[in-house]
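So the structure is just underneath, and the comments pick up after that.
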Amino acid sequence: MFALVDCNNFYASCEKLFRPDLRDTPVIVLSNNDGCVVARSKEAKALGIKMGVPVHHIQSEIRQHGIQVFSSNYTLYGDMSRHVMVTLEALAPRVDVYSIDEAFLDITGVNRVVALGGFGQQVKSTVVRNTGLPVCVGIASTRTLAKLANYAAKKYRATDGVVDLSKTDRQRRLMALVPVDEVWGVGRKISVKLQAVGITTALDLADADPATLRKRFSVVLERTMSELNGVACLPWEDVPQPKKQIMCSRSFGTVVKTLSGLFEAVANFAVRAAEKLRAGEQCAGAVMVFVRTNPFRSELPQYSNSASVKLITPTQDSRVIVHQVLSLLKPMFRDGYDYAKAGVMLGDLVSQVHYQEDLFSIEPSGKNERSDRLMSVMDEINRHSGVKVHSARQAGPAAHKMRRKHLSPAYTTDWRHLPTVR
DNA sequence: TCTGGGGTCCTAGGACCC
DNA sequence: TCTGGGGTCCTAGGACCC
């Protein structure tokens with residue numbers, strides 16, 4: 001039995017938590033670079049602000065209704081997420097953190113002690129007591145049904161934020177009401193195709209013919225169908241799986257026109273990606289770089305390109321990755337374009353302890369020792385000190401800095417930003 | 001003026017092997 | 001007229017998730 005715990009309007013709730021003056025005010029949170037709306041408080045939703053709209057399309061609504069706007073503050077959200085997850089880990093024997101604002105709990109056997117609905121209420125009130133953040137709880141025998149239960153808990157006020165979908169008749173009654181595109185795993189494209197063949201509700205999908213689904217769509221949708229029928233196809237991830245790729249990319253706050261500007265930006269991305277790599281105790285066997293102009297400015301000349309290289313020996317050394325990235329970038333650069341975005345992707349990731357060395361290397365084994373020590377010293381300094389050490393390639397005025405005009409303080413992670421009560 | 005960033009999985013098709 | 005049968009590996013592209 002699964003309980004899916006999902007925070008309500010997570011980013012917006014984190015912002016409101018430290019601004020009690022905004023309790024009843026509509027709040028929205030923007031994507032990186034202050035681009036699109038990625039979270040809305042319930043008041044903002046009630047005003048009809050849609051998920052994903054560019055903020056410059058809704059300037060008049062923002063003024064008219066006094067909507068409070070925040071830039072993304074991932075330092076705050078990440079820390080608040082950790083508080084929520086720690087709370088959940090005390091409430092269930094197994095917790096699978098699925099994303100920054102939701103987790104699946106293993107609650108098998110809980111019903112022998114308390115009613116599942118009551119347990120859900122207990123989870124909800126404990127999280128709000130420990131963190132101040134509101135959550136909804138969906139309970140069912142498969143992940144997909146638990147997701148559906150959570151959807152209902154959020155949508156229908158009468159549920160008081162908890163839905164127990166362990167009984168088949170309740171499952172079927174709910175599924176008959178839920179549009180098929182609200183099912184976990186059914187996105188925009190597939191829902192259009194499904195509706196064309198008369199499958200419009202979750203129940204239609206649950207009752208569809210498995211062989212036909214597999215043939216016309218894929219085994220993925222067939223699994224979703226089975227999950228809706230209470231057959232669990234998505235097992236517990238007992239150990240967190242190692243990453244398969246690491247990406248670091250950003251749109252630039254202002255356009256970049258020069259090769260040296262792009263160099264600086266991608267060197268930064270390379271270093272950040274390498275830090276993530278070392279944090280996960282992995283090495284990368286392949287490096288990819290991409291650049292592009294702004295596709296929304298169709299009146300301007302457009303250009304996008306990418307290049308990649310396989311490394312003979314996997315590495316986690318920032319200097320090697322920066323060097324590779326810059327050699328890839330150079331031949332890709334074309335003069336006369338306004339570059340709007342670039343990124344670095346590391347692939348063919350392997351564990352830092354088990355990987356294939358180069359048979360023909362003239363270096364003795366253990367040659368990484370100096371590199372390892374340098375990287376760990378850099379990581380240590382950058383983790384604990386305000387003074388950052390970095391590659392010379394990253395230096396210079398950060399023309400590609402993000403726009404974050406409405407950034408809130410780092411209330412919980414920086415002593416200088418501690419809230420004060422007067 | 002202004003449109004995010006980071007992932008995973010599956011499938012089809014091509015190249016290759018015996 | 002007529003050209004096998006059984007595999008593996010890799011990549012690009014498409015779909016999905018938050």
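Below, all heavy atoms of this structure are taken into account, side chains as well, without hydrogens, waters or symmetry copies. In what follows, chains are A, B, ... by sequence order, proteins preceding strands, each numbered from 1.
Atom CG of A:Leu300 has more than 12 heavy atoms from other residues, nucleotides or ligands within 6.0 Å.
Centroid-to-centroid, the aromatic rings of A:Tyr11 and A:Phe70 stay 6.0 Å apart or farther. Between A:Trp184 and A:Phe2, the ring centre distance reaches or exceeds 6.0 Å.
The nucleotide whose nearest atom lies closest to any side-chain atom of A:Lys310 is, among C:dT11, B:dT3, C:dC17, C:dT11. Considering only the side chain of A:Cys248, B:dG6 comes nearest among C:dC16, B:dG6, B:dT3. The side chain of A:Val220 approaches B:dC10 more closely than any other nucleotide in the set B:dG4, B:dC10, B:dT8. Side-chain atoms of A:Asp101 lie closest to C:dC18 of the nucleotides C:dC18, B:dG7, B:dG4. Among the nucleotides B:dT11, B:dC2, C:dC17, the one closest to the side chain of A:Tyr98 is C:dC17. Which of B:dT3, B:dG7, B:dG5 sits closest to the side chain of A:Lys243 comes down to B:dG7. Closest to the side chain of A:Trp184, from the set B:dT3, C:dC18, B:dG7, is C:dC18.
Look at A:Lys244 and you won't find any side-chain N or O under 4.0 angstrom from OP1 or OP2 of B:dT8. Remark: A:Ser72 is not in phosphate contact with B:dG4, judged by side-chain N or O atoms under 4.0 Å from OP1 or OP2. Contact between the side-chain N/O atoms of A:Arg297 and the OP1/OP2 oxygens of B:dC2 is found at a separation under 4.0 Å. Note on A:Ser31: every side-chain N or O is 4.0 Å or more away from OP1 and OP2 of B:dT3. Here A:Arg250 reaches the OP1 or OP2 of B:dG6: one of its side-chain N or O atoms lies under 4.0 Å away. Here A:Lys341 reaches the OP1 or OP2 of B:dG5: one of its side-chain N or O atoms lies under 4.0 Å away.
For the pair A:Arg404 CZ and B:dC2 C1', the computed distance is 18 Å after rounding to whole Å. If you take CE of A:Met288 and P of C:dT11, they are 13 Å apart, rounded to a whole angstrom. Between A:Gln282 atom CD and B:dG7 atom P there is a gap of 11 Å when expressed in whole angstrom units.
At distances below 3.5 Å, at least one donor-acceptor pair connects side-chain atoms of A:Asn73 with backbone N or O atoms of A:Ser408.
A donor-acceptor pair shorter than 3.5 Å cannot be found between the side chains of A:Thr315 and A:Asp317. Under 3.5 Å, the side chains of A:Asp79 and A:Thr413 contain no donor-acceptor pair of N or O atoms.
Within 4.0 Å of A:Glu102, counting heavy atoms only, lie sugar-phosphate atoms of the nucleic acid but no base atom. Here A:Lys147 lies in heavy-atom contact (under 4.0 Å) with sugar-phosphate atoms only. Counting any heavy atom pair closer than 4.0 Å across all strands shown, A:Arg214 reaches no nucleic acid atom. Residue contacts for A:Asn294: at a heavy-atom cut-off of 4.0 Å it reaches the sugar-phosphate backbone alone, with no base atom in range. Among the heavy atoms of the strands, none lies under 4.0 Å from A:Val55. Backbone-only engagement by A:Arg223 is indicated by non-hydrogen atom pairs under 4.0 Å involving sugar-phosphate atoms exclusively. Looking at heavy-atom distances under 4.0 Å, A:Ile190 makes contact with sugar-phosphate atoms alone, never a base. Residue A:Val219 is in sugar-phosphate contact alone, with no base atom involved, counting any heavy-atom pair closer than 4.0 Å across all strands shown. Note on A:Ile246: only backbone sugar-phosphate atoms sit closer than 4.0 angstrom, heavy atoms only; bases stay farther off.
If you find the closest nucleotide of DNA chain B to A:Arg292 and to A:Lys276, the one lying nearer the 5' end belongs to A:Arg292. Projected onto DNA chain B by closest heavy-atom contact, A:Asn32 and A:Pro242 fall at different nucleotides, the more 5' of which corresponds to A:Asn32.
Exactly one residue among A:Lys244, A:Lys310, A:Lys243 makes a salt bridge (Lys or Arg N to Asp or Glu O under 4.0 Å) with A:Asp348. That residue is A:Lys310.
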